[in-house]
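Because only heavy atoms are used, hydrogens play no part in the values below, and waters and symmetry mates are left out as well, while side chains stay in.
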Amino acid sequence: MEHALASKPHQGRWHIVLGVALALFASFATWLASGDALFCGDIGVKYVQMQALASGQRAIENPVRELDPEGELFPLKAPFVIQSEGRFYSVYLNPYVWFGSLAYRWGGPTLCRALTLACALGAVGATYLLARRLRLDPRAALGAAALLLFATPFWLYGCCFWEHAPATLLSTAAFALLCAQSSARRVLLAGACFGLAATLRPEALLMPCALALAIALRRSEQRFRAPALLLLSSAATALLVLLLAQGELFLAHAQQYLFPHLQQEQGGRGNFATPGRWSIARGLLGGSLGSAPGKIPEVLVLALLIVSALVALLAMARSELARKAQLFLVPLALLLASVSLVTAILEPNVYLRGLLVSCPLVLLALPALPSFVRSRGAALVDRDTSALTFFFFCAAAIALAPNDGGTAWGPRFLLPAFPLLACLCCATRERAELAPGPSRPVIPRLVAALAIVLGLAVQLVGMRNVAAVRTQKSELLSTLAARTEPWVLTSWSFLPQAAALPWTRGEKRIGVLDSPAALQRSVEALYRRGVASFLYVNVESGTAAMRRFGPYVETEPRTVRTHLFDVRVSTFRLDQSWR
């Protein structure tokens with residue numbers, strides 16, 4: 001009792017430290033989300049869809065329909081929209097976008113961002129609850145919550161309106177429910193949480209499947225079979241609700257966005273220039289996106305995989321040889337992982353998407369691999385079941401992902417597993433303390449300290465990179481805003497997503513050109529309407545020499561570095577001498 005009372009002030013100090021850290025993160029997130037600059041184009045599509053829903057319609061209005069009644073110049077292209085009976089619908093018609101449209105109606109983009117930030121902080125709180133129910137002490141549980149937010153790529157997805165944060169919150173809450181005493185009510189509620197998470201992020205559907213497989217491998221008792229089946233059926237029912245509510249749109253989303261490889265195998269074009277299966281797996285495990293020489297050599301990633309696997313196996317061994325091998329292999333694994341940090345520092349435009357290079361904490365989770373011993377207990381989920389679920393989910397998500405995640409920070413398709421990763425990292429220390437041998441705890445402590453410091457450093461570099469992207473895109477939007485012309489023609493298909501908020505406010509009417517013929521028709525239509533000038537945006541920096549489109553001549557060209565492109569913004573005015 002005296003020990004428990006003495007530990008309360010110390011525990012309170014940890015709560016204060018975490019509270020201050022969360023306040024700093026909220027301040028950074030508020031700054032990063034302010035203004036019109038959006039980190040990723042997917043977010044812009046969601047804002048356009050929410051604006052349509054807030055005005056009472058599901059279809060997105062064509063801003064250049066006066067020039068283009070057929071919809072050829074519609075700003076958003078597949079796979080971001082689905083065209084049906086001449087109208088355009090976003091593929092992101094999930095419940096979070098519907099709910100976000102209410103926030104958009106009441107408070108605009110600011111309230112939408114606040115909603116996502118609340119979900120991210122809720123996921124942090126759910127991680128703490130999950131860690132406690134996995135029988136971690138309060139200080140370790142606080143550490144798990146902090147690791148999720150500050151040492152994994154999860155932080156970015158709490159700073160912008162994206163459905164990753166609420167899907168992670170729901171998935172983590174489901175795990176926390178299942179770690180308590182098993183009951184039909186808890187299993188049903190957890191299944192509903194998993195199903196709702198899957199309506200937000202398709203990869204979240206893999207989580208209850210991975211969990212059911214882990215339960216089947218580790219639980220031999222008959223009484224655990226019915227809850228596992230009930231969990232899957234509850235998740236499937238929640239997902240079926242979305243299918244019934246959206247019908248054709250949901251099926252089209254699945255066909256165009258979730259299964260592009262199937263389209264390609266059946267002779268279709270597909271909507272992504274998707275690389276092969278191995279390329280996707282390599283990208284989600286250890287790949288990066290950036291201009292040369294920012295690429296991480298693949299041989300280092302492969303070496304990191306092999307060394308990490310050896311470390312995981314030796315961590316479960318109890319021989320003197322295993323302990324000596326760890327002294328060599330663990331520093332080597334951390335040295336290889338540090339390549340991500342060096343690469344990110346040297347190349348500001350790089351976007352690390354791999355699990356191993358953007359989240360070195362995974363090295364601490366590998367020793368948590370269970371021994372596959374059948375366990376007994378009242379709870380449906382324990383630490384070893386969680387560890388198996390983490391690895392099963394990551395393997396399935398990497399194998400089935402439709403692409404490598406695009407210009408994102410970290411493997412965003414693996415985000416639902418990051419709370420489990422944070423808990424497993426904190427549980428590794430306790431498992432090491434119980435292992436035999438006086439020198440054994442020293443190695444895990446050293447590895448944990450180095451991996452945590454490396455993970456924090458990588459995320460700080462990521463924050464720097466994301467802030468740089470925000471600054472660049474803000475400059476592009478400022479350049480557009482400084483020119484009063486409402487009509488904007490572009491050959492850069494990502495401009496409408498980058499300028500989504502000016503579009504939704506009606507400040508810019510953007511049309512995307514996919515051919516020289518479309519450009520000619522558009523210019524002729526502008527001339528017939530008596531438009532004196534318009535903006536043209538493309539990704540050719542080229543020369544500053546004057547150019548002409550029919551009766552219009554280029555003036556005031558300016559090149560802006562945006563993301564990975566040099567974007568040229570030009571004003572074209574009517575040439576009064578033209579006949």
Side-chain angles (χ1 to χ4, degrees), residues 119 122-137 140-141 144-145 148 166-201 203-239 365 368-370 372-397 414-427 430:
C119 290
V124 173
T127 301
Y128 174 83
L129 179 61
L130 173 61
R132 293 292 290 133
R133 289 189 171 176
L134 288 174
R135 293 184 173 84
L136 291 174
D137 61 66
L148 172 67
T168 304
L169 168 60
L170 288 166
S171 182
T172 309
F175 263 95
L177 284 168
L178 297 172
C179 286
Q181 289 282 339
S182 299
S183 67
R185 181 182 300 177
R186 286 183 178 274
V187 172
L188 280 173
L189 185 56
C193 287
F194 278 133
L196 184 55
T199 66
L200 306 182
R201 291 300 315 171
E203 65 271 9
L205 183 61
L206 299 174
M207 187 62 79
C209 300
L211 176 58
L213 180 59
I215 292 172
L217 286 175
R218 300 204 67 253
R219 300 289 194 177
S220 59
E221 297 94 331
Q222 178 74 27
R223 62 193 177 96
F224 286 112
R225 295 179 184 176
L229 292 175
L230 186 62
L231 175 71
L232 289 176
S233 61
S234 178
T237 301
L239 188 61
L369 277 168
F372 298 100
V373 176
R374 304 277 185 175
S375 62
R376 299 179 180 274
L380 190 64
V381 176
D382 58 12
R383 292 186 188 180
D384 286 344
T385 307
S386 299
L388 270 182
T389 303
F390 171 78
F391 289 105
F392 286 163
F393 172 83
C394 289
L414 306 183
L415 284 180
F418 280 6
L420 291 177
L421 171 62
C423 292
L424 292 176
C425 289
C426 292
E430 292 187 5

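When all heavy atoms are compared, the tightest approach of Ala123 to Leu169 is N-CD1, 3.6 Å. Among all heavy-atom pairs drawn from Ala422 and Thr127, the shortest one is CB-CG2, 4.5 Å. Between Cys423 and Leu134, the shortest heavy-atom contact is CB-CD1, 4.1 Å. Considering all non-hydrogen atoms of both residues, Ala396 and Leu206 come closest at C-CD1, 3.9 Å. Here the closest non-hydrogen pair linking Ala126 and Ala173 is CB-N, 4.4 Å.
Looking at Leu130 and Leu420, their side chains come closer than 4.5 Å, going by heavy atoms from C-beta outward.
Taken from OG1 in Thr168 to CG in Leu414, the straight-line distance is 10.5 Å, to the nearest 0.5 Å. Atom CG of Leu205 is separated from atom CG of Leu200 by 12.0 Å, given to the nearest 0.5 angstrom. In this structure, the separation between OG1 on Thr199 and CG on Leu170 is 8.0 Å, given to the nearest 0.5 Å. Atom OH of residue Tyr128 and atom CG of residue Leu136 lie 10.5 Å apart, to the nearest 0.5 angstrom. Here Leu177 contributes atom CG and Thr172 contributes atom OG1; the two are 11.0 Å apart, rounded to the nearest 0.5 Å. Separation of atoms OG (Ser171) and CD (Glu203) is listed at 10.0 Å; rounding is to 0.5 Å.
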Step by step, work out the side chain to side chain contact (heavy atoms under 4.5 Å, CB included) result for Thr389 and Ile215.
CA-CA 9 Å; Thr389 303; Ile215 292 172; over 6 Å; no
Verdict with supporting geometry, Arg133 and Phe175, side chain to side chain contact (heavy atoms under 4.5 Å, CB included)
CA-CA 9 Å; Arg133 289 189 171 176; Phe175 263 95; over 6 Å; no
Please report the C-alpha distance between Leu178 and Leu211 in whole Å, then the side-chain angles of each, then the deciding distance to 0.1 Å, and finally whether the side chain to side chain contact (heavy atoms under 4.5 Å, CB included) criterion is met.
CA-CA 10 Å; Leu178 297 172; Leu211 176 58; 3.4 Å; yes
